[in-house]
2 protein chains.
Amino acid sequence: MTDKTKKKATIYDLSVISGISPSTVSAVLNGTWRKRRIKEATAELIQKLAEEHGYSANLQARGLRSSRSGLVGLLLPVHDNRYFSSMAQYFEAQVRSTGQCPIVVSACRDPDEEHQIVESLISYSIDELLIAGATDPDGVHDICERAGLKHVNIDLPGSKAPSVVTDNYEGGRLLTQALIERMREQGPVAPDELHLFGGRDDHASRERIRAFRDVKRAMLGGDPDSCIQPTGYSPGNTAHAFEAFHARHGRLPRGFFVNSSINLEGLMRFLAQHPQEAFADIVVGCFDYDPFASFLPFPLFMIRQDAEAMITKGLSILSTTRPPIMTHLVAPTLVPPRTALIGPLDALKDPDAVHSVL
Amino acid sequence: MTDKTKKKATIYDLSVISGISPSTVSAVLNGTWRKRRIKEATAELIQKLAEEHGYSANLQARGLRSSRSGLVGLLLPVHDNRYFSSMAQYFEAQVRSTGQCPIVVSACRDPDEEHQIVESLISYSIDELLIAGATDPDGVHDICERAGLKHVNIDLPGSKAPSVVTDNYEGGRLLTQALIERMREQGPVAPDELHLFGGRDDHASRERIRAFRDVKRAMLGGDPDSCIQPTGYSPGNTAHAFEAFHARHGRLPRGFFVNSSINLEGLMRFLAQHPQEAFADIVVGCFDYDPFASFLPFPLFMIRQDAEAMITKGLSILSTTRPPIMTHLVAPTLVPPRTALIGPLDALKDPDAVHSVL
DNA sequence: TTGAAAGCGCTAACAA
DNA sequence: TTGTTAGCGCTTTCAA
């Protein structure tokens, strides 16, 4: 807590105490001094002074003047999810390495929130925006467009800006196929023994469901509509769907495809209410990877979306001059049960891990 | 992608087209017009105009002039972790509900990064800062102090600013006790059958380890130093510790306390390398809660830290005038195995979950 | 009830 | 090689 502080030094302060004009000081301190042909000695003097006085630029002033802020935004649906939080992790590292300032926000999959938040980011004059998993990418696009804000869609594509998304059809295909093959190890599989839960009417869910149907039809024959329940992205609703199924059939489906790790949390809620026996023989697929889920006490195939590649690609598009409006697909990976993958935290150094006893 | 756009409207534009002075327009548009006794009619006129022209304030300009930005920061160690990402989730919601703009950043538990990032936030004139899990809270404090930035420590306490932290001793006590009781269900427990992995030389780890020792001594007698291995906060290092133990003893400890979910990920890496039999009879405690981990195929007791309460308390301290420099403890909860708790995502509406088939 | 004017800290012509 | 100056868009006295 604080208050007592003397105000921060400005270029004028440094100008006065050095007897050098503000514009020269400015040039030195913002790095443009070489091309302004300022004497090395002058520069050094000013830098020394700045150092001594703990000078740091007022970025609001700089931003106001130059109408750019150095801020790069990432708009997420939610933080509290390994897929999106790993995106945030990669995003931060990559943006910071370019000397810009990353700012991560979440809009809770609410189109109004999305719009408002983007408006507010624009009010702060952010320079670029990565829009991840937006419910209304094209609406957000219009807002960005109007403000002249460069933006790219990630995870969920829009039709009006470049997009980088997981190849959801391919992922859905891999997952469904792995599920069926695994189920067959325990005997023949009837079409109504394989279900799908979770997701809603967005591009990703549609593609995954399309793949699910195609593979299922090819491998098992028909696919009753009752086998597909997009319960939205909420653990609670998904849990209800499992409960309802269980109430009706006295058991869970032998095999099922869960649309995301958020929906998979719904399965955990179901499990908490039932003894182990209730799911002794199930085979599950989840379109998302989570390191703990992978070791759950039933075969769980997961799809790992390549968050790092998506962020990298998204940022590279942002730095392109006139990127074509197209959708880039990023290949996902099928992760077999009991697999512990490396994540963004592994890139971190952990210098002073204590090996002695405390 | 965009470029073509006409510039955003300013109060001057509105002033010109309305024939009303900029200062009046300003007052109307920033909400101070009632106390400036501006006529209702004037206000309405300007608001209508602003609406029509899609006016929104330039927050950099406002911030520059008023030397506050409306930005509130949350500094995290990492994003990619359920404990911290749920903090971020609660933080966003609460800050936004006050009309301010939340900005979440991570510093990777690197003191230099922490300092730099805070400096850069200060350059953007953020108004308040919540410092979560900082490696060097007091160093960060000094920087904030110098800039007159209000700040509070969360999760890891500092000695120079108010702090809100989990009652780590109590959590450690609950967890160790639950572990021992559960182990005893399978027969008598010797002191060297209960171990601790993970954490490093920070306040949280020290408290947890202290509790571990106290409870262990009280319930089991001695506690050989070799039973405690603070491996830092890295999945990789922790996995190595498990491997080393396994190599030496031909098995994992019968029971062990894992210092955080990040360390627990190290256990997953170990598990991936070994058959189920290698851990058929283990009992584990983890000082963090994760909904998937709770259902792993061995008894796993977890400690849930109350991220929501900590954020709430932290923000309330920030809005206090001269908060005393003290540490507030937040009670954690022991979560028995196979428990699916509600999280921040449950507060979200999921309006258009699709119940029909696509 | 409203307007004029100064200035927040910085950048970028243009002059010197 | 450096200095002068005019703003960026907004808030805020002070005066009318």
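Just so we're on the same page: letters track the sequence lines, and every chain starts at 1.
DNA chain C is contacted by both A:Ser66 and B:Gly19; B:Gly19 maps to the nucleotide lying nearer its 5′ end (nearest heavy atom per residue).
In this structure, of C:dC10, D:dT4, C:dT2, it is C:dT2 that holds the atom nearest to the side chain of B:Lys39.
You'll find the side chain of B:Ile20 stays beyond 4.5 Å of the side chain of B:Ser15, heavy atoms only. Counting only heavy atoms from C-beta outward, the side chains of A:Leu64 and B:Asn58 approach each other to under 4.5 Å.
Within the 4.0 angstrom heavy-atom criterion, only backbone atoms of the sugar-phosphate kind lie near A:Thr10; the bases stay farther away. Here A:Arg62 lies in heavy-atom contact (under 4.0 Å) with sugar-phosphate atoms only. Residue-level contact check: B:Ile20 touches the backbone only, with heavy atoms under 4.0 Å from sugar-phosphate atoms and none from bases.
Within 3.5 Å, a donor on the side chain of B:Ser23 pairs with an acceptor on the base of C:dA4, or the reverse. At a cut-off of 3.5 angstrom, the base of C:dG9 holds no donor-acceptor pair with the side chain of A:Arg65. No hydrogens or angles were tested; on distance alone, a donor-acceptor pair under 3.5 Å links the side chain of B:Arg36 to the base of C:dG3.
Distance, B:Arg37 CZ to C:dT2 P: 12 Å, rounded to whole Å. Counting to the nearest Å, the C1' atom of D:dT11 and the OH atom of B:Tyr12 are 10 Å from each other. Protein atom CG of B:Asn30 is 17 Å distant from nucleotide atom P of D:dG9, rounded to whole Å.
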